[in-house]
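Structure, as structure tokens:
Naming: A, B, ... by sequence-line order, numbering from 1 per chain. Only a predicted model underlies this, so the values are computations on that prediction, with no experimental measurement involved.
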Number of protein chains: 2
Amino acid sequence: MQRKLPQSNLYLREEELRRGIELLYFAYRDFTRDPDEILATSNFGRAHHRVLYFVGRNPGTTVSGLLHQLRITKQSLSRVLGQLVEDGYIDQRPGTEDRRQRLLILTDKGEEFEKSLFETQRNRVAEAYKKAGPEAVAGFWEVLLNIVDEQERSAVLQQIEK
Amino acid sequence: MQRKLPQSNLYLREEELRRGIELLYFAYRDFTRDPDEILATSNFGRAHHRVLYFVGRNPGTTVSGLLHQLRITKQSLSRVLGQLVEDGYIDQRPGTEDRRQRLLILTDKGEEFEKSLFETQRNRVAEAYKKAGPEAVAGFWEVLLNIVDEQERSAVLQQIEK
DNA sequence: CCTATTATGTCAACAAAGCTGACATATATT
DNA sequence: AATATATGTCAGCTTTGTTGACATAATAGG
């Protein structure tokens with residue numbers, strides 16, 4: 001618009017980059033809406049959802065494992081995790097090798113709640129996969145993975161390929 | 001893991017859906033880090049970034065236009081927008097047809113700052129595009145667009161194809 | 001065995017960015 | 001002239017992140 005067209009290659013590139021950035025923003029904005037609506041009827045928020053998700057996905061994970069994945073401080077996590085434990089959504093068990101650790105697992109109640117949250121996002125993503133087709137999905141994964149910090153990619157790969 | 005394998009189709013499907021959900025989470029997490037680091041050295045936050053971005057991208061947009069795109073309340077926007085106007089990053093001009101409106105445009109200072117924020121994300125996305133290749137990029141766009149709320153898709157298309 | 005380190009928890013204070021509700025002003029619209 | 005709309009503003013609240021300081025239990029290294 002404001003920009004006089006430069007070498008048309010660069011111009012296209014700019015458009016394409018803006019497109020990715022904007023789609024990522026809008027998709028993420030809507031992607032978080034469905035679970036947020038459910039959460040709003042409980043005493044929990046998006047932070048609780050993340051904890052439930054990753055504990056459910058990695059049963060027996062430690063507190064510090066969770067901290068690394070979420071990239072938040074232990075004080076932030078503690079508040080959220082404490083509520084989830086208190087309300088019976090997550091159980092803590094002392095580590096077997098290292099008894100300082102608290103191994104985290106979902107209770108049945110926690111599993112059920114996580115499932116209800118997951119289902120909304122699952123439906124949205126399943127629908128999008130169906131509309132876009134398998135090749136598009138492969139591209140979707142590949143670009144997203146490369147957007148992740150390079151040092152983190154192997155950790156992410158390990159997580160998603162589990 | 002915990003799950004005994006059901007019909008293998010469904011099992012695969014579950015893995016694929018989890019993968020999309022997790023990649024979206026991790027990619028978004030890192031995607032916002034670079035600008036956040038710059039913002040941390042200023043008095044602004046991620047909310048200011050979004051306003052600067054969309055005003056820069058849609059010069060002359062109105063307050064309510066911005067509200068719809070960001071999906072926040074006018075009180076939330078007001079705080080952030082007010083600071084940006086006060087500090088000389090955004091100018092307001094009365095609408096030409098409807099003088100109740102405030103048309104928003106970046107000042108030179110605002111444009112420069114937005115550029116510095118944009119550049120970090122631009123680099124990250126450009127690198128990811130390069131590594132994944134053009135077909136993957138097309139799939140990336142397609143899946144993301146389909147993750148957006150259906151009623152919003154035409155609005156998003158209009159924005160990204162501008 | 002003693003010491004240092006590590007994993008976790010906790011208290012306190014603060015900031016960013018969202019929300020609701022109520023009310024004000026200027027301009028358009030009918 | 002009355003009503004509706006676009007915007008702004010005040011006040012208070014919530015969620016979720018931050019720092020900094022300190023506590024406890026268990027491990028690890030000498």
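Rounded to a whole Å, the CG atom of B:L77 is 11 Å from the C1' atom of D:dG8. Protein atom CG of A:L66 is 15 Å distant from nucleotide atom C1' of D:dG17, rounded to whole Å. Atom P of nucleotide C:dG18 and atom CG of B:L81 are separated by 13 Å, given to the nearest angstrom. Here the C1' atom of nucleotide C:dA16 and the CG atom of B:L39 are 12 Å apart, to the nearest Å. In this entry the distance linking CZ of B:R29 with C1' of D:dT16 reads 17 Å, nearest Å. Between the CD1 atom of A:I72 and the C1' atom of C:dA15 there is a distance of 16 Å, rounded to whole Å. Going from atom CG of B:L103 over to atom C1' of D:dG8 covers 16 Å, rounded to whole Å.
A side-chain donor-acceptor contact under 3.5 Å links B:T107 to the backbone of B:G88.
For C:dA16, the OP1/OP2 oxygens have no side-chain nitrogen or oxygen of B:H48 closer than 4.0 Å. At C:dG18, one or more side-chain N or O atoms of B:R50 fall inside 4.0 Å of OP1 or OP2 (strictly under the cut-off). Distances shown here put a side-chain N or O of B:S64 below 4.0 Å from the OP1 or OP2 atom of D:dT7. Regarding contacts with the backbone of D:dT16, every side-chain N or O of A:S76 stays at 4.0 angstrom or more from both OP1 and OP2. A close approach under 4.0 Å does not occur between any side-chain nitrogen or oxygen of A:Q92 and OP1 or OP2 of C:dT8.
Within 4.0 Å (heavy atoms only), B:H49 reaches no atom of the nucleic acid at all. At the heavy-atom level, A:T73 lies under 4.0 Å from base atoms of the strands shown.
Set against D:dG17, C:dT8, C:dC19, the side chain of B:R79 has C:dC19 as its closest nucleotide. Minimum atom distance to the side chain of A:Q75 is reached by D:dT19, of the listed D:dG17, D:dT19, C:dT8. Nearest to the side chain of A:S78, among C:dT10, C:dA17, D:dT16, sits C:dT10.
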Exercise for the section: For each nucleotide in nucleotides 24-30 of chain D, reading 5' to 3', give B when a protein heavy atom comes within less than 4.0 Å of its base, S when such contact involves only the sugar-phosphate, and - otherwise. Expected result: -BBS---
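Between B:R19 and A:E161, none of the side-chain N atoms (NZ, or NE/NH1/NH2) sits under 4.0 Å from a carboxylate O, so this pair counts as no salt bridge. Between A:R71 and B:D30 there is a salt bridge, since at least one side-chain N of the basic residue sits less than 4.0 Å from a carboxylate O of the acidic one. A:E22 and B:R57 are joined by a salt bridge, as a carboxylate oxygen and a charged side-chain nitrogen come within less than 4.0 angstrom of each other.
Aromatic rings of A:F113 and A:F118 (six-membered ring for Trp) have centroids beyond the 6.0 Å cut-off, not under it. In this structure, B:F26 has its ring center no closer than 6.0 Å to that of B:F31.
In this structure, A:R124 is not positioned above the aromatic face of A:Y129 in the sense of NZ or CZ being under 6.0 Å from the six-membered ring centre and within 45° of the axis.
If you find the closest nucleotide of DNA chain C to B:K74 and to B:Q83, the one lying nearer the 5' end belongs to B:Q83. Each of A:F44 and B:L67 has a nearest nucleotide on DNA chain D; the 5'-most of these lies closest to B:L67.
With a 4.5 Å cut-off on side-chain heavy atoms, B:I160 and A:R18 do not count as touching.
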